[in-house]
Structure formats: C-alpha cells, structure tokens
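Since the model is a prediction, treat every value here as computed from it, not as a measurement. Just so we're on the same page: letters track the sequence lines, and every chain starts at 1.
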Protein chains: 2
Amino acid sequence: MRISEASTKSGLSADTIRYYEKSGIVPPIDRGPDGLRRFSPENLEWLTLLYWLRKTGMPMKEMQRFASFYRQGEATVPQRRDLLLKHEQRLQERRADLARCEEVLSYKLAAYDRIEGNRS
Amino acid sequence: MRISEASTKSGLSADTIRYYEKSGIVPPIDRGPDGLRRFSPENLEWLTLLYWLRKTGMPMKEMQRFASFYRQGEATVPQRRDLLLKHEQRLQERRADLARCEEVLSYKLAAYDRIEGNRS
DNA sequence: CCTTGACCTGGAGTGACTCCAGACCGGTAG
DNA sequence: CTACCGGTCTGGAGTCACTCCAGGTCAAGG
C-alpha cells in the first residue's frame, strides 16, 4: 500500500511517517519501480504501534531505542518488554493527571455556578 | 511570594511562568521595590489552574482566550464555563486514548510472552 | 568589601512535528 | 499528442511550547 493509505490506517500523517523514517524510528520503506514507498502489513502494524505510543506520551528518544531493539531481532524481546512496561506506568500517571484535573475543573465549575446563581 | 515559591507550589517552572506572563496568559505580576515579581495567592491559584489545563492538553491559544475572558470580569463566566466543559470533553478523549493504548500494549506483551515461552 | 544566590531580560536552542515549493510520474480528457 | 491532474517525492522553512543560557542587578552573610 502507498503512503496515503498507510497514513489513514495507522493514524500518522504522511509527513510524520516520512519524518519517522528519516529519524530511524521506522525502517527504510521499500520503494516500487516508480520510486514511491510501498508499505507492507508489518510496516503498517509498526506504524500503528508507534501512533499509540506517541499519542500517549512516549518521547521519540525512547521510540528510537525501541526501534533499534526491534531491528536487532528476537534476542531483545526482554528489553522491549521493559520499555512497554515502563510505558504502561506512564499511562497510570497520565490517568492520575486526568483525574486530578477533573477535580480542579469541577471545583471551578461549582464556583461559576455560585456566581451565576447570585447574579440571577 | 517570589517566583521560586510560586513555581514549586504551582508546578510550573519559573521560566514557564515568565513565558506565560509575556504571552498574556498570566496577568502582569506586581513587582516589589527590588523589581522582582511578587505573586499573590490569586496569582498562585491562577497558575495552578493553568498548570493542570496545560498538563492535560489545553492549547495555549485556548488558555489565552480563557485568560482574556478572565480579565473581562464576571460577565464572561458563561464563556469560561464553556471552555472548561469543552476541556472536560478532551479529558474523556484522552482517557479513551489511554485505554486503547493499554489494549495495544497488552496485546504486544502477550506476543512477547509467547516468543519467550517458545525460546525457553 | 567580596562572594553567593535568587532574580532579571533578551535571545538562542530543542522536540516533534507541519507546511510548502518545486519536481516527477502515470492516467484521463480533449 | 498534449494538457492537465492527483498523488508522491525531497529539502527546507515555520510553528508551538517550552527550556536553557549569557550577562547583569541586588540584598544579605562572612
């Protein structure tokens, strides 16, 4: 498949995919006889994983390490697992942030209600 | 209180506070006779709110609008409420992202377990 | 006095994109 | 055949939200 399809299916923009390839987070994608990128299903799965990792706050440095482990084959599965476990922890922290923010918001909204109540 | 205290109490770095003041998200802070910023408790509350909004993904443009409503006084409470409600919706979306990512991760981790299982 | 530490300003640097100009290329319409 | 069109390419500039730094001021302590 070509880049636009890979983009819609993975969630990453075409620009971001090319940028990731330049940065070594995505392996060099095969080209067709026309010189355009052709993405394999494995490529797409990798992009999709990256999409979710990035969207939930994994920094690029870490994705690069992850990618380099990936390139080194199955022997690096333990290291890759460690990175994903670490990321799961990050998800926990984010969840806590969301909850804390929710609290702050409902406190603020309650204050607004009081003001509105007094005005009317 | 001075900037370092405002920083530790709000969660924002001193640099970020100064940057927010420059950008108009934080009102011009009063200065002491020494020319240094003196933060009032209201200033601190505002900074803390900004900290949580930013941390959970409100873009600066929107914080600027929020700040400008705030400067215009109580008449803008409805608009401010709208912005906060909109942000609550964003929190929902983020939560969904986290859940989706969690799924992706556990799928990947299970695959790793299978590989490790086969190797040993 | 001299140093230390917190603070100041203006400006450069960073991370992670995002947008754009200018070129190429295969296919359809006139 | 030629003219255009949409999708892709590359390299490079622009953006957002900080973050870091050089060079300077000032108050208090040794």
Side-chain angles (χ1 to χ4, degrees), chain A residues 1-40 43-44 46-68 87 90 94 97 101, chain B residues 1-40 43-44 46-68 87 90 94 97 101:
Chain A
M1 88 197 66
R2 308 210 297 202
I3 202 166
S4 64
E5 194 181 345
S7 166
T8 52
K9 287 191 176 163
S10 69
L12 295 167
S13 76
D15 273 325
T16 300
I17 293 172
R18 284 189 283 257
Y19 169 65
Y20 279 4
E21 188 184 356
K22 251 188 256 175
S23 324
I25 292 180
V26 166
I29 303 295
D30 293 345
R31 305 297 181 115
D34 49 6
L36 305 188
R37 292 174 181 81
R38 290 297 140 83
F39 295 80
S40 71
N43 288 154
L44 180 60
W46 181 244
L47 289 175
T48 308
L49 176 57
L50 291 182
Y51 171 76
W52 286 108
L53 293 179
R54 191 66 205 84
K55 186 157 199 185
T56 52
M58 180 179 286
M60 273 190 70
K61 283 254 170 83
E62 208 165 315
M63 298 203 299
Q64 262 152 5
R65 284 202 296 136
F66 190 59
S68 103
H87 192 64
R90 237 192 301 255
R94 299 242 168 228
D97 288 344
C101 185
Chain B
M1 87 198 67
R2 307 208 299 202
I3 202 167
S4 63
E5 194 181 344
S7 167
T8 53
K9 286 190 177 164
S10 70
L12 296 168
S13 77
D15 271 326
T16 301
I17 293 172
R18 283 188 285 256
Y19 169 65
Y20 279 3
E21 188 183 356
K22 250 187 256 175
S23 323
I25 292 179
V26 166
I29 303 294
D30 292 345
R31 305 298 181 112
D34 48 9
L36 306 187
R37 290 173 182 82
R38 290 298 140 81
F39 295 80
S40 70
N43 289 153
L44 180 61
W46 182 244
L47 289 175
T48 307
L49 176 58
L50 291 183
Y51 171 76
W52 287 108
L53 292 179
R54 191 67 204 82
K55 187 158 199 184
T56 52
M58 180 179 286
M60 272 190 70
K61 283 253 171 85
E62 207 165 315
M63 297 203 298
Q64 263 152 4
R65 284 203 296 138
F66 190 59
S68 104
H87 192 64
R90 238 192 300 253
R94 299 240 163 222
D97 288 344
C101 185

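- Remark: A:W46 engages A:F66, A:Y70 in a ring pair (Phe, Tyr, Trp, His ring centres under 6.0 Å) (not counting sequence neighbours).
- Taking the side chain as every heavy atom from C-beta outward, B:L50 and B:M63 approach each other to under 4.5 Å.
- For B:S40, the side-chain hydrogen bond (donor to acceptor under 3.5 Å, both in side chains) test picks out B:N43, with sequence neighbours left out.
- Remark: A:R54, A:P59 in residues 48-59 of chain A come within less than 4.0 Å of DNA chain C through at least one heavy atom.
- A heavy-atom distance below 4.5 Å is not found between the side chains of A:K55 and B:C101.
- For the pair A:D97 and A:R94, the salt-bridge criterion is not met [side-chain N within less than 4.0 Å of a carboxylate O].
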Mind listing the N/O atom pairs, protein and nucleotides 4-7 of chain D, below 3.5 Å?
none

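- For residues 19-33 of chain A, every residue pair satisfying the salt bridge (Lys or Arg N to Asp or Glu O under 4.0 Å) rule, not counting sequence neighbours, is listed here: A:E21-A:R37.
- The shortest distance between side-chain heavy atoms of B:K9 and B:F39 does not fall below 4.5 Å.
- In this structure, B:R37 reaches the C:dT9 phosphate: one of its side-chain N or O atoms is under 4.0 Å from OP1 or OP2.
- Rounded to an integer number of Å, the gap from NZ of B:K61 to P of D:dT15 is 10 Å.
- Residues that satisfy the side-chain contact (heavy atoms from CB on, under 4.5 Å) test with B:T8, not counting sequence neighbours, are absent from this structure.
- In terms of the side-chain hydrogen bond (donor to acceptor under 3.5 Å, both in side chains) criterion, residue partners of B:T16 (sequence neighbours excluded) are, by chain and number, B:S13.
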Are there any protein N/O atoms within less than 3.5 Å of an N/O atom in nucleotides 24-27 of chain C, and if so, which ones and at what distance?
none

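- For B:L36, the side-chain contact (heavy atoms from CB on, under 4.5 Å) partners are B:R2, B:D34, B:R38, not counting sequence neighbours.
- Taking B:R65 as the reference, nothing meets the side-chain hydrogen bond (donor to acceptor under 3.5 Å, both in side chains) condition, with sequence neighbours excluded.
- Side-chain atoms of B:I3 and B:R18, non-hydrogen and from C-beta on, do get closer than 4.5 Å to each other.
- Residues from residues 10-31 of chain B lying near DNA chain C, meaning a heavy-atom separation below 4.0 Å, are B:R18, B:R31 in numerical order.
- Evaluation of the side-chain hydrogen bond (donor to acceptor under 3.5 Å, both in side chains) rule for A:Y19 yields no partner, not counting sequence neighbours.
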